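Report on one structure; see the data block that follows.
Order of appearance sets the numbers: ligands from 1, and atoms from 1 within every ligand. No hydrogens, no waters, no symmetry mates; every other heavy atom, side chains included, goes into these values. It should be emphasised that the depicted structure is a prediction, and the values quoted were computed from it without experimental measurement.
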Amino acid sequence: MIANRGEIALRVLRACREMEIETVAAYSEADAEALHVQLATEAVCVGPARAADSYLNQGALLTVAKASGCDGVHPGYGFLSENPEFADACAKAGLIFIGPSGDAIRKAGSKSAARDLMKAAGVPVTPGSDGPVSSVEEALEAAEAVGWPVLLKASAGGGGRGIRRCGGAADLPAAYAEAKAEAAACFGNDEMYLEKLVLSPRHVEVQILADRQGHVIHLGDRDCSVQRRNQKLIEEAPAPGLSPALRQAMGEAAVKAARAVGYEGAGTVEFLVDGDSFYFMEMNTRIQVEHGVTELVTGVDLVRQQLRIASGLPLDIRQEDVRVRGCALECRINAEDPEADFRPCPGKVEFLHFPGGAGVRVDSCLYNGCVMSPYYDSLAAKLLVYGGTRLEAIRKMRRCLEEFTLEGFPTNAELAYEILFHPVFVRGRCTTGFLDEYLPALLDFSRRVGEREADT
Ligand code: ADP
Ligand code: ADP
Ligand code: MG
């Protein structure tokens, strides 16, 4: 059973079909016409559009899985994918949860507790509070100890939510209250911890695979530094410009991190890179949006591996078999309006054309005439390219964005196009502050190009 929607539901379905595994799509009323619903062996509606009533409705999902004779449940990303109670409930109902055990999710899931675990395992972590901070006073004390500026972060956080920057003691009460309120609203859990704000770091993460026989390998790194408000926009593999020693140390640290929580399945260990130092940030216990760039440079189908591991098979790749070749880029195309502070603006797809050609991959559940629902996140398509060199990949992505056509609602595609020409990006020097710094200039440039086109 696929307990998710959108492009990731389709991605899982495609892997299942190639492996001749029958699928049940558990969908909400808003997704009755979704592509994965049409392509699944069976499809069952589990509730109304609101995620709480459908994609997060554990009782309904388990009932459908049992009644339709499923062996396992793939949770995709978001929704219930990092919910340890759901993983346990699947196991209790005799269903294989396609992901790590509830216990491993619990260990990695509290970002504050995970830091302690990683420290003990010898993985470097960002300087920060020892465990959670439960009041403004405690936060102040921890901040004074690590030094300003700091980031207040939700222990249960994800998707860039529940994070606030804080420059000094005067800002702390407001930042603490805001982050706590956002965490309560997004995750139903407002526990906070605190980290030193690393200035101009890069976000580099390592993909890992672990089987149920105790083998753990990593599949190299990805750079996801092009972010807006802590949310990723463009990702690439491998991370540009890492020294071989740093790369190897991060790969080994990721394997240690996975072992420290007793990990099984596909997962990601996220690090901040500051010069030649790196710090553990969090572990994502699921398939990630940007997994495709790793697939393109390693030739490993990560969803297929998830399904193999879940069915008890040992890994069929050894660490020494993993070869990273060339360069892959991904642009997330979101239904949002960069001109209106990135307001989500999904709607009906009036016309759609996806690019193709050698080394091009598009993961999207959109088709001509379909409607993107306002109930869910605004990811419309992922454009991925593979090139023998980084420059080749950049040129290919520019060409793809020139071809890509989506009419019906605004997207961030033009912004992505501008980024691909920015000298900082082209040189592979982006830090997580890149987009915030250059966004006004990038938007201004695409506006002027638009006006020039309108004139001619
Ligand atoms: P990735 O690194 O895979 O992009 P993100 O943290 O951006 O991971 O989250 C992936 C997807 O899951 C995004 O669409 C995000 O909105 C969603 N998501 C992440 N965490 C949560 C959560 N706790 N609850 C609901 N959705 C989430
Ligand atoms: P989430 O669970 O929401 O993905 P993360 O802990 O992965 O949260 O942080 C999201 C982003 O915030 C990172 O990719 C990075 O850009 C930024 N960030 C997180 N922690 C720090 C830090 N200590 N210093 C600087 N930037 C950070
Ligand atoms: Mg993260």
Quiz item: Are more than 12 heavy atoms from other residues, nucleotides or ligands located less than 6.0 Å from atom CZ of Arg399?
Solution: yes

Exercise. Tell me which one of Arg229, Glu270, Gln227 gets a heavy atom nearest to atom 16 (O) of ligand 2.
Key: Gln227

Quiz item: Short list, please: which atoms of ligand 2 are under 4.0 Å from a heavy atom of Val198?
Solution: 22 (C), 24 (N), 25 (C)

Quiz item: So, Glu282 and Lys153, do they make that salt bridge, N to O below 4.0 Å?
Solution: no

Quiz prompt | Tyr376 and Ser28: side chain donor to acceptor below 3.5 Å | solution = yes

Quiz item: In Glu282, the N, O or S atom nearest to the Mg ion (ligand 3) is which?
Solution: OE2

Quiz item: Within a reach of under 6.0 Å around CD of Gln248, are more than 12 heavy atoms found that belong to other residues, nucleotides or ligands?
Solution: no

Practice problem: Find all atoms of ligand 2 within a distance of less than 4.0 Å from any non-hydrogen atom belonging to Lys111, and give their numbers and elements. | Solution: 1 (P), 2 (O), 5 (P), 6 (O), 8 (O)

Quiz prompt | Which atom of Glu270 approaches the Mg ion (ligand 3) most closely (N/O/S) | solution = OE1

Quiz item: Considering only heavy atoms, does Leu199 approach ligand 2 within less than 4.0 Å through its side chain, its backbone, both, or neither?
Solution: neither

Quiz item: Atoms of ligand 2 less than 4.0 Å from Glu195 heavy atoms?
Solution: 20 (N), 21 (C), 22 (C), 23 (N)

Practice problem: List every atom of ligand 2 that sits less than 4.0 Å from any heavy atom of Leu197, numbering the atoms from 1 in the order shown and giving each element. | Solution: 24 (N), 25 (C)

Quiz prompt | Side-chain donor-acceptor contact under 3.5 Å, Gln288 with Thr268 | solution = yes

Quiz prompt | More than 12 heavy atoms from other groups under 6.0 Å of CZ on Arg447 | solution = yes

Exercise. Give the ring-plane orientation class for Phe354 versus Phe404, where under 30° counts as parallel, over 60° as perpendicular and anything between as tilted.
Key: parallel

Quiz prompt | Options Ile163, Val150, Val146, ranked by nearest heavy atom to atom 10 (C) of ligand 2, top entry | solution = Ile163

Exercise. Please identify which atoms of ligand 2 are closer than 4.0 Å to at least one heavy atom of Leu151.
Key: 18 (N), 19 (C), 20 (N), 21 (C), 22 (C), 26 (N), 27 (C)

Quiz item: Short list, please: which atoms of ligand 2 are under 4.0 Å from a heavy atom of Gly157?
Solution: 2 (O)

Quiz item: Is there any N or O on Thr126 that sits under 3.5 Å from an N or O of ligand 2?
Solution: no

Practice problem: Applying side-chain contact (heavy atoms from CB on, under 4.5 Å) between Glu330 and each of Val289, Asp363, Leu233, report the one that passes. | Solution: Val289

Quiz item: In terms of atom number and element, which parts of ligand 2 are under 4.0 angstrom from non-hydrogen atoms of Thr432?
Solution: 16 (O)

Practice problem: For the pair Glu236 and Arg390, find out whether any cationic side-chain nitrogen is under 4.0 Å from an anionic carboxylate oxygen. | Solution: yes

Practice problem: Run the contact test for Lys232 against ligand 2 with a 4.0 Å cut-off on heavy atoms, strictly below, and give the result. | Solution: no

Exercise. Anything under 30° is parallel, anything over 60° is perpendicular, the rest tilted; go ahead and classify Tyr438 against Phe434.
Key: tilted

Practice problem: Before signing off on this row, confirm whether Met281 and ligand 2 have an N or O atom pair separated by under 3.5 Å. | Solution: no

Quiz item: Just which atoms of ligand 2 are under 4.0 Å from any heavy atom in Gly158?
Solution: 1 (P), 2 (O), 3 (O)

